[in-house]
Amino acid sequence: MKNDWMKAIIEEATKNENNYEKRALLSYLNQFQHQLEVRHDLAEGELDGRLWNHEQW
């Protein structure tokens with residue numbers, strides 16, 4: 001994973017937070033970060049595929 005450091009920071013902050021609303025926000029942020037990584041990987045794969053497809057040059 002590219003952003004393991006960010007995931008670790010968010011998880012650590014979530015564990016140390018006592019306020020429910022802040023923990024919920026941090027948990028959502030962690031899920032959002034994961035979704036961004038998935039979308040980035042898919043877009044990167046699509047771009048790579050399009051670049052190598054000589055019919056679309």
pair Met6-Ile10: side-chain heavy atoms closer than 4.5 Å: yes
- prompt: For the atom pair NE2 (His40) and CD (Glu44), what is the distance rounded to the nearest 0.5 Å?
  reply: 5.0 Å
Gap separating the CD atom of Gln31 from the CG atom of Leu26, nearest 0.5 angstrom: 11.5 Å
- prompt: When rounded to the nearest 0.5 angstrom, what is the spacing between OG1 in Thr14 and CG in Leu25?
  reply: 9.0 Å
Heavy-atom pair with the smallest gap, counting every atom of Glu17 and Arg23: O-CD, 2.9 Å
- request: Could you tell me whether Lys15 and Glu11 make a salt bridge, using a distance below 4.0 angstrom between a side-chain N and a carboxylate O?
  value: no
message: Taking Trp5 as the starting point, is it possible to reach Leu36 by hopping between hydrophobic residues whose side chains are less than 4.5 Å apart?
response: no
